[in-house]
Amino acid sequence: MILSELPAEFQAAKPVIDTITAAGFEAYFVGGCVRDTILGKPLHDVDIATSAFPAEVKSLFKRTVDTGIEHGTVMILDHGNGYETTTFRTESGYQDFRRPDQVTFVRSLKEDLQRRDFTINALAMTATGEVIDLFDGLADLDAGILRAVGVAEERFHEDALRMMRAVRFASQLDFSIESQTEQAVADNATLLTKIAVERTRVEWEKLLMGQHPERGLQSLLTTGLYQYMPKMADQRAMLDQLIALPAWHLPTIESTWTLLAWLMDATDEAAIRKLLKTWKTSNELINHVLAAIEALSALQERGQLTAYENFSAGLAALTTANQVATILGFGQDQAVLEQSYEALPIHDKHELAINGGDLVQQKLVTPGPAMGTILAACLRAVVDGQVNNQTDALLDFARMAADTKNH
Ligand code: ATP
Ligand code: MG
């Protein structure tokens, strides 16, 4: 197969391949970028594999960065772009079920393609668009099949993450997992516990954000792989529920975790924190999900949010909540939601026209907890539209609040 019209990403990277081949080495585009081009999907990264050893690659270009030199990866900097070039290699060892004990640089493309996970990811392409297909990846691509390169059982023993990659690609590409490959996932599912949570999480997020999540979810159920994902052992019913949702699409990682927390009944702060800490997400994501779940509860209970709920959530978490509410069948018109958020008198507590210093200066309070309580009451009154956000009006209000507190 020769691809005649290559996407712009390849055109830009072509001089890199040309330089390597002019020096007498082989160099190809490999992996996901070849697969996605044939499928007509947008590319996110262009990987190059070469027979040149890292030192040889470095000698051919002025500017390079050792991004993963021990694995053979060198980044070539060219006209403001960076291209990852990896020396053909074989891997061996894999005593821990997740990474090779040893990588060996080789000169043969075939050996390099052989270590790759699925036939559709084991395609190479020359700079002129000729596809090199040594493992029948093109036929599988055409038929929509994920098939391990070689003996599936062995491949999952080498690296158990590949099982998560299988279900993730099933979702992203709307592919089915070939029966022996799927059986090998079922037989080796427990090995997933050997894999770092962060790596499993990335695949789980990609699965859920894929175009056909129900497909990946169904494979998780069929193979039982879900039982070895963090906090998922007792979540069969939740997975069934997800599969049964009418056509849904999760646009962001934030909406993904908000939907999961909601369906897993992690709706109070402690439970949400526990769930997301187990999955080792960032604190930023945890805070976002906490805010989004509060907004989501309000949307479910009342179909709308109070001014103060809008303010507390912030526009980003509100948007997430509404994306998830839409999937769950109680979404609101996003434009209306945004209008009511924009209409708030202030959007950040720092916009309040008085601060603690003003209260002390006016001898309304002494610094301490009472000050916080009064400022919070001021904030709420402004957001609710009871008091104008002006210093004098707020000092009057604070005086009243302080008096009520003192009597
Ligand atoms: P995407 O970038 O869309 O997530 P991809 O297939 O490009 O998908 P990468 O993780 O970028 O995935 O890896 C690039 C290539 O490296 C793959 O196409 C595959 O050939 C190989 N590869 C990646 N991870 C593994 C793995 N765990 N085992 C074997 N080969 C792998
Ligand atoms: Mg990739």
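Atoms within a ligand are numbered from 1 in the order they appear, just like the ligands themselves. When reading the values below, keep in mind they use all heavy atoms of this one structure, side chains included, and skip hydrogens, waters and symmetry mates.
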Does ligand 1 come near enough to [X] that some N or O of the ligand is less than 3.5 Å from an N or O of the residue?
X	value
G32	yes
R155	no
K206	yes
R165	yes

Q: Record the part of N121 in heavy-atom contact with ligand 1 below 4.0 Å; permitted values are side chain, backbone, both and neither.
A: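 For N121, backbone and side-chain atoms both sit under 4.0 Å from ligand 1.
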Q: Report the part of E203 in contact with ligand 1, treating N, CA, C, O as backbone and CB onward as side chain, heavy atoms under 4.0 Å; options are side chain, backbone, both, neither.
A: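 Answer for E203: neither.
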Measure the distance from [atom] to every protein heavy atom, then report the residue, atom name and distance (to 0.1 Å) of the closest one.
atom	answer
atom 30 (N) of ligand 1	D117 N, 3.2 Å
atom 4 (O) of ligand 1	R168 NH1, 2.9 Å
atom 3 (O) of ligand 1	H44 CE1, 2.8 Å
atom 14 (C) of ligand 1	D47 OD2, 3.8 Å
atom 21 (C) of ligand 1	R116 NH1, 3.6 Å
atom 11 (O) of ligand 1	D45 OD2, 4.0 Å

Within-shell test, [X] vs ligand 1, heavy atom, strictly < 4.0 Å:
X	value
R35	yes
D159	yes
F169	yes
E158	no

Q: Using only N, O or S atoms, tell me which atom of D45 is closest to the Mg ion (ligand 2).
A: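 When I compare the N, O and S atoms of D45, OD1 is nearest to the Mg ion (ligand 2).
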Q: Scan I2, I38, L141 and name whichever one has a side-chain contact (heavy atoms from CB on, under 4.5 Å) with V131.
A: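 For V131, the side-chain contact (heavy atoms from CB on, under 4.5 Å) test succeeds with only one of I2, I38, L141, which is I38.
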**Q.** Element-labelled atoms of ligand 1 that are located less than 4.0 Å from some non-hydrogen atom of G31
**A.**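 So the atoms of ligand 1 that pass are 18 (O).
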Q: Specify the closest pair of heavy atoms between A402 and L364, including all atoms of both residues, with the distance to one decimal.
A: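 Smallest interatomic distance, heavy atoms only, reads CB-O, 3.9 Å.
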Q | Smallest separation among heavy atoms of T258 and I293, with atom names | A |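 Heavy-atom minimum between the residues: O-CD1, 3.6 Å.
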(Q) Judged on heavy-atom distance to atom 28 (N) of ligand 1, which of R162, Q172, R199 sits nearest? (A)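 Going through R162, Q172, R199 one by one, R162 has the nearest heavy atom to atom 28 (N) of ligand 1.
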Q. Should L39 and L173 count as side-chain neighbours, where that means a heavy-atom distance under 4.5 Å?
A.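 Touching, per the 4.5 Å side-chain cut-off.
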Q: Report yes or no: is the cationic atom of R107 (NZ for Lys, CZ for Arg) closer than 6.0 Å to the six-membered ring centre of F53, at no more than 45° off its axis?
A: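 Verdict for F53: a cation-pi partner in R107.
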Q. Centre of F156's six-membered ring, under 6.0 Å away, within 45 degrees of the axis: is that where NZ or CZ of R162 sits?
A.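 The answer is no, since R162 fails at least one limit relative to F156.
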Q. Between N188 (side chain) and V185 (backbone), is there a donor-acceptor pair under 3.5 Å?
A.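 The answer is no, because no donor-acceptor pair under 3.5 Å joins these two groups.
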Is it true that [X] and [Y] have a side-chain N and a carboxylate O under 4.0 angstrom from each other?
X	Y	result
R215	D174	yes
E111	R115	no
K58	D66	yes

Q | Residue that, paired with D117, satisfies salt bridge (Lys or Arg N to Asp or Glu O under 4.0 Å) out of R35, R155, R165 | A |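 It is R165; the other options fail the test.
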Q) Between Y28 and F88, what is the ring plane arrangement, given parallel below 30°, perpendicular above 60°, and tilted in between? A)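 The rings of Y28 and F88 lie parallel, inter-plane angle below 30°.
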